[in-house]
Amino acid sequence: MKYEEIVKSVKDSFTTVDVSDYKNHLAVQFNIIGEGEGAFYVELKEGSIDVQPYEYYDRDVIFTLSAVDLFALIDGELDPVKAYLNGKIKVSDTNKALEVKNLIDDMNKKKKPTRKTTTKRATKKTEKVESKEETPVAKEESKKTTAKKPTTKTTRAKKTDK
């Protein structure tokens with residue numbers, strides 16, 4: 001993915017986000033490494049959001065990460081705290097980074113689940129069931145658990161009074 005495509009995609013992601021509740025100022029610079037390398041910023045100010053394709057020198061926090069990790073972060077698929085601890089992303093200010101995380105979490109709560117995620121889950125379940133049925137060991141275990149145990153009747157002798 002090219003730098004221009006990354007910036008456009010991020011812009012498109014944030015155009016529908018309602019930040020009218022957010023009254024603070026937050027300027028976040030994203031430094032993309034690897035494919036699509038470049039820098040751009042996202043600024044939240046007075047209840048509006050702006051994405052621009054250049055560095056922001058009066059920024060509050062800098063995120064350095066790959067484009068793949070950026071989109072996973074935006075979609076809520078990448079936990080920024082774990083990614084930071086594992087070295088996948090770098091941040092210049094952890095407190096501001098947590099503020100960004102909270103904003104992204106709020107943004108993703110408002111999104112509806114996508115059909116793609118549901119399909120992935122269904123596919124994984126189907127694969128597990130199919131693979132279990134196809135193995136000979138699973139078939140044998142299935143026979144063992146479904147076999148009926150023989151039942152025995154016990155009769156008691158009647159007691160007679162004489």
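Atom set for the values below is all heavy atoms of this structure, side chains included, hydrogens, waters and symmetry mates excluded. Nothing fancy with the numbering, it's 1 onward along the sequence.
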> Residues two or more places apart in sequence or in another chain: which of them pass side-chain contact (heavy atoms from CB on, under 4.5 Å) with Tyr54?
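Expected list: Tyr41, Gln52.
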> For the atom pair CG (Leu65) and CD1 (Ile32), what is the distance rounded to the nearest 0.5 Å?
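Rounded to the nearest 0.5 Å, the CG-CD1 separation comes to 5.0 Å.
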> Measuring from atom CD1 of Ile104 to atom CG of Leu73, what distance do you get when rounded to the nearest 0.5 angstrom?
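Ile104 atom CD1 to Leu73 atom CG measures 4.0 Å (nearest 0.5 Å).
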> How many angstroms lie between CG in Leu70 and CD1 in Ile33, if you round to the nearest 0.5 Å?
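One finds 11.5 Å between CG of Leu70 and CD1 of Ile33.
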> At their closest point, which heavy atom of Val17 faces which heavy atom of Ser13, and how far apart are they?
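Val17 and Ser13 have their closest heavy atoms at CG2-O, 3.6 Å.
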> State whether the number of non-hydrogen atoms from other residues, nucleotides or ligands found under 6.0 Å of Glu5 atom CD is greater than 12.
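Correct, the count exceeds 12.
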> Would Asp105 and Lys101 count as a salt bridge (charged side-chain N to carboxylate O under 4.0 Å, His left out) here? Give the steps.
CA-CA 6 Å; Asp105 288 347; Lys101 176 199 179 301; 2.7 Å; yes
> Val19 versus Met107: any side-chain heavy-atom pair under 4.5 Å?
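Result no, sub-4.5 Å side-chain heavy-atom pair not found.
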> Compare every heavy atom of Leu26 with every heavy atom of Asp60, then report the nearest pair and how far apart it is.
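Scanning both residues completely, I find the closest heavy atoms to be OD2-CA, 3.2 Å.
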> Going by side-chain heavy atoms closer than 4.5 Å, which hydrophobic residues are tied to Val68, directly or by a chain of links?
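Once heavy-atom contacts under 4.5 Å are chained together, Val68 still belongs with nothing else.
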> Is Val42 close to Ile49 at the side-chain level, that is, under 4.5 Å between some pair of heavy atoms?
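In short, these two side chains touch, coming nearer than 4.5 Å.
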> Does any N or O in the side chain of Gln29 come within less than 3.5 Å of the main-chain N or O of Tyr56, such that one atom is a donor and the other an acceptor?
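Checked: pair present.
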> From Ile89 CD1 over to Asp79 CG, what is the distance, rounded to the nearest 0.5 angstrom?
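So the CD1 of Ile89 and the CG of Asp79 are separated by 8.5 Å.
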> Measure across Asn31 and Ala39 and return the closest heavy-atom pair with its distance rounded to 0.1 Å.
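Answer, listing the atom of Asn31 first, then Ala39: OD1-CB, 3.4 Å.
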> Between Tyr3 and Pro53, is there a donor-acceptor pair closer than 3.5 Å when you use the side chain of the first and the backbone of the second?
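Yes, Tyr3 side chain to Pro53 backbone: donor-acceptor pair under 3.5 Å.
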> Evaluate the side chain to side chain donor-acceptor pair (under 3.5 Å) criterion for residues Glu46 and His25: first the C-alpha distance (whole Å), next the side-chain angles of each, then the deciding distance (0.1 Å), finally the verdict.
CA-CA 7 Å; Glu46 298 172 5; His25 178 267; over 6 Å; no
> State the CG-CG distance between Asp18 and Asp106, to the nearest 0.5 angstrom.
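Going from CG on Asp18 over to CG on Asp106, the span is 11.0 Å.
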> If you look at every heavy atom in Val61 and Asp93, which pair is closest and at what distance?
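So the minimum-distance heavy-atom pair works out to CG2-O, 3.6 Å.
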> Looking at Val51 and Lys11, what are the two nearest heavy atoms and their distance?
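That would be O-CE, 2.8 Å.
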> Determine whether more than 12 heavy atoms belonging to other residues, nucleotides or ligands lie under 6.0 Å from atom OH of Tyr84.
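Atom OH in Tyr84 is not crowded, with 12 or fewer foreign heavy atoms closer than 6.0 Å.
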> For Asn108 versus Asp75, what's the shortest heavy-atom pair and its separation?
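Shortest heavy-atom separation between Asn108 and Asp75 comes out as ND2-C, 3.5 Å.
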> Between Lys88 (side chain) and Leu85 (backbone), is there a donor-acceptor pair under 3.5 Å?
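No; judged by distance alone, with no hydrogens or angles, the pair does not exist.
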> Report whether Leu98 and Ile62 are members of the same hydrophobic cluster (ILVMFWY, side-chain heavy atoms less than 4.5 Å apart, transitive linking).
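Not linked; separate clusters.
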> Which residues pass the ring-ring contact (aromatic ring centres under 6.0 Å, His included) test with Phe30, not counting sequence neighbours?
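Counting only residues at least two positions away or on another chain, Phe30 forms a ring-ring contact (aromatic ring centres under 6.0 Å, His included) with Phe40, Phe63.
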> Taking atom NZ as the centre, does Lys23 end up with more than 12 heavy-atom neighbours from other residues, nucleotides or ligands that are less than 6.0 angstrom away?
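Count over threshold, so yes.
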